[in-house]
Protein chains: 2
Amino acid sequence: MSDTVEKPPVPQDFDALRTAILERKGELPKRLTQVAAYALDHPDEIAFGTAASIAISAAVQPSTLVRFAQHFGFDGFSGLQLLFRARLRERTSSYEERLRTLEQDGAALAESTTIFNGFVAAAHRSVDAIAAAVDPDAFERAVTLLAKSDTIYLIAKRRSYPISSYMAYAFGKLKVRCQLVGTSAGIDDDMLAMATSKDAAFAISFSPYASESAAQARMMASRGIPVVSLTDSAFSPLAECSTEWFEVVEADHAGFRSLSASMAFAMALTVSIAEKRRRG
Amino acid sequence: MSDTVEKPPVPQDFDALRTAILERKGELPKRLTQVAAYALDHPDEIAFGTAASIAISAAVQPSTLVRFAQHFGFDGFSGLQLLFRARLRERTSSYEERLRTLEQDGAALAESTTIFNGFVAAAHRSVDAIAAAVDPDAFERAVTLLAKSDTIYLIAKRRSYPISSYMAYAFGKLKVRCQLVGTSAGIDDDMLAMATSKDAAFAISFSPYASESAAQARMMASRGIPVVSLTDSAFSPLAECSTEWFEVVEADHAGFRSLSASMAFAMALTVSIAEKRRRG
DNA sequence: GTCAATATGGAATGTTCATTCCAGATACGG
DNA sequence: CCGTATCTGGAATGAACATTCCATATTGAC
C-alpha cells in the first residue's frame with residue numbers, strides 16, 4: 001500500500017490541465033483559486049513570464065505559484081509552465097491554419113461559422129473605420145461639452161438603445177448624472193421638458209432614423225441645450241441639429257450590423273467625460 | 001568622430017531582425033552563420049529554449065549565441081530572445097504592433113484622444129480574442145440548440161443587459177420569438193416559470209457576476225431547459241450549468257470594458273439562429 | 001612560412017530564478 | 001474559547017542560467 005490519498009494523474013497537455021483546474025476549483029484554497037483564475041484567463045503570461053513577474057501580475061507570492069503547480073502533480077512551477085508553452089506553439093500553427101482555411105473555402109464550413117467569421121470581420125472593419133473617422137479635436141470638444149453639463153440626457157431608440165443603456169450603466173458606476181430617454185411609456189417628453197441649458201444631450205440614431213429621436217434632439221437644440229450625436233451619415237437628421245456629431249459606419253454582414261464600433265466609441269466618450277470631471 | 005564602423009540600429013521586431021540576418025549572412029563567420037540558419041528555421045526553439053538547450057540543438061556553444069546576438073546590436077542573447085517571444089505573442093493578436101504605436105505617441109495628445117485610442121485598441125484585441133476563442137463546432141451546436149427551441153429566454157443583468165436588449169431587438173426583426181428577462185419589476189421569475197423544456201435560454205454574465213442571473217440560469221437548467229451562455233471566465237457560475245458556453249474576454253482600457261466583441265458574438269448568434277430556422 | 005587578426009571552445013563568474021523552509025496567520029472543530 | 005490543521009507570506013537556499021574571459025585554433029596577408 002502506498003497512499004490512501006487518491007492521486008489524479010499529472011496533466012499532460014493544456015486541455016487536461018484546464019479540465020483538472022475546473023474540476024477541482026471548488027476544493028482549492030483562496031490563493032490557489034486566485035492563481036487558477038489568473039492562469040486560465042492569462043495563459044500567455046504564464047507561458048512567457050517568470051515566476052516572479054507572474055506572481056506580481058496575479059497578486060500572489062512566487063511560492064504560491066509553486067504550490068499551485070504541486071497541487072496538480074507537477075514537480076514545480078516550471079513543469080506546469082511547459083504545458084502553457086506547448087499550447088502556445090501548437091496554437092500558432094493551428095490558428096494560422098484555421099485562418100487560411102477560412103479565407104480559402106468558406107463554403108465547406110457550417111453556415112454558423114461563416115456568419116460568425118463574417119461578424120468578426122465586420123467588427124474589425126467597423127473599429128478600423130471609426131478610428132479613422134473620428135476627429136480627435138471634435139471628440140475633445142464633445143467631451144468638454146458633456147463634462148461640464150449638469151445632467152446628460154441620453155436619447156436613443158430601437159437599435160441604438162443598447163448603446164445608451166450601457167452608457168447609462170457606466171455613468172451610474174462613474175457617478176455621472178444622466179437620464180436615459182427612450183425606456184418605456186410615454187414619459188420621455190416629460191423628462192426632456194425638465195432639461196435646462198445647463199444640461200446636455202447625447203443622441204444616437206442610425207438609419208432608418210427613428211423620427212422620435214430626431215424630433216427630441218431638435219427640440220433640445222431649439223431650447224439652447226447642446227446636443228452631441230452619434231449617427232451613421234452626414235444626412236442624418238441628427239447631424240443638422242447637433243453641436244458636435246460623429247459618424248460611425250458599422251460594417252454589415254448580410255445586412256445586419258453589430259454595434260462593436262459604436263460600443264467602443266460610447267465607452268471612450270463615457271470614460272473621457274468622467275475623467276474630465278474628476279480632474280476638475 | 002566616434003566610430004568609423006557603420007552601426008546598424010538594433011532590430012526592434014522580428015521582421016527587422018530577419019531582414020538584418022538575411023542581409024548580413026554573407027559576411028558572418030562560420031558558427032554565426034550556423035546560428036543564423038538555425039534561428040530562422042526554428043524560431044520557436046529560440047523563443048522557448050534556454051541558451052544551453054538551443055546551443056545543443058544548433059550544435060554550437062552557448063557563448064556563440066551570445067556573440068551572435070551582440071553582432072546584431074543586442075546586449076546579449078536575452079535581448080534577442082525577447083523578439084522571438086514577442087513574435088509568438090503577436091501571432092495570436094497581430095494588432096499589438098499598432099497598439100504600441102498608439103501608446104508611444106499617446107503622451108502628447110489630449111487625454112480624451114488617448115482614451116479613445118485605448119478603447120479602439122481594446123475593441124480590436126477583444127474581437128481578435130473572440131475569433132480565436134470560439135470553437136466553431138460548439139457555436140454550431142449552440143445555434144442548433146437555440147434554433148429548435150420554441151421561445152428563447154434572454155437572461156442578462158447590468159453590464160450584459162445592453163447585449164441581450166440588442167438581441168431582443170434583432171430577434172424581433174427576424175421574427176424569432178424571445179423573451180427578455182431582466183427588464184424591470186420583479187416579474188422575471190414569473191416569466192421564467194412559464195418556460196418549458198421545448199424552450200431554451202441564453203444567459204450573459206460578466207464578472208462581477210450578478211447572482212440573480214446565475215440563479216436563474218441554474219433554475220432553468222435544473223428544469224431540463226437547455227442553457228447557452230456567454231461569460232468571461234471558466235470560473236463563471238454560468239459555465240457550470242450551461243449546455244454550451246462561450247468565453248469572451250473583453251480587453252479593458254483603464255479598467256473599463258466595452259462590449260465590442262460580445263456584440264459581434266451576439267449578432268452572429270442571433271443571425272445564425274434566424275438563418276437556421278429559415279432553412280428549416 | 002610567419003605573423004597578425006579574428007573566430008572558437010570551454011571553463012569561470014556573477015546574476016537571476018525557482019524552490020524550499022519556517023514563522024505567523026487563518027480557518028475549523030471540539 | 002482553545003487547540004489543531006491548513007494556508008500564506010517572505011526570507012533563505014541552491015540550482016540554472018546568460019555572460020565574460022582566456023587560451024587555443026583558424027584564417028588570411030605578406
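Quick note on labels: first sequence line is chain A, next is B, and so on, each numbered from 1.
- Atoms CZ (A:Phe77) and P (C:dT16) sit 18 Å apart, rounded to a whole Å.
- Spacing between atom CG of A:Leu65 and atom P of D:dC7 amounts to 16 Å, rounded to whole angstrom units.
- Taking atom CG on B:Asp75 and atom C1' on D:dT20, their separation rounds to 14 Å, with Å as the unit.
- To the nearest angstrom, C1' of D:dT19 lies 17 Å from CZ of B:Phe68.
- For the 3.5 Å distance criterion, the side chains of B:Ser236 and B:Thr231 qualify, holding a donor opposite an acceptor.
- Counting to the nearest Å, the P atom of C:dT20 and the CZ atom of A:Arg67 are 11 Å from each other.
- An OP1 or OP2 oxygen of C:dA7 is reached within less than 4.0 angstrom by no side-chain nitrogen or oxygen of B:Thr64.
- In this model, the phosphate group of C:dC21 is not approached by any side-chain N or O of A:Ser63 to a distance below 4.0 Å at OP1 or OP2.
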- Would you sort out whether B:Phe265 and B:Phe139 count as a ring-ring contact (aromatic ring centres under 6.0 Å, His included), showing the intermediate values? CA-CA 10 Å; B:Phe265 179 90; B:Phe139 190 73; 5.6 Å; yes
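- Between the CZ atom of A:Phe74 and the C1' atom of C:dT20 there is a distance of 19 Å, rounded to whole Å.
- In the model, B:Ser262 has a side-chain atom that pairs as donor or acceptor with a side-chain atom of B:Glu250 under 3.5 Å.
- The side chain of B:Ala51 sits closest to D:dA18 out of C:dC21, D:dA18, D:dC21.
- A centroid separation of less than 6.0 Å is found between the aromatic rings of A:Phe84 and A:Phe14.
- For the pair A:Ile46 CD1 and C:dA18 C1', the interatomic distance rounds to 14 Å; values are reported in whole Å.
- When heavy atoms are screened at a 4.0 angstrom cut-off, B:Pro62 is found touching base atoms of the nucleic acid.
- In this structure, A:Gln61 does not reach the D:dA11 phosphate: none of its side-chain N or O atoms is under 4.0 Å from OP1 or OP2.
- Residues A:Pro29 and B:Ser53 each lie close to DNA chain D; by heavy-atom proximity, the contact nearer the 5' end of the strand is made by A:Pro29.
- Look at CD1 on A:Ile56: it is 14 Å from C1' on C:dT16, rounded to the nearest Å.
- For the residue pair A:Ser272 / B:Ser112, no side-chain donor-acceptor distance below 3.5 Å is found, with atom types taken as modelled.
- Counting only heavy atoms from C-beta on, B:Lys30 has its side chain closest to C:dT8 among D:dT8, C:dA18, C:dT8.
- If you check every strand for non-hydrogen atoms under 4.0 Å, A:Gln70 touches sugar and phosphate atoms only.
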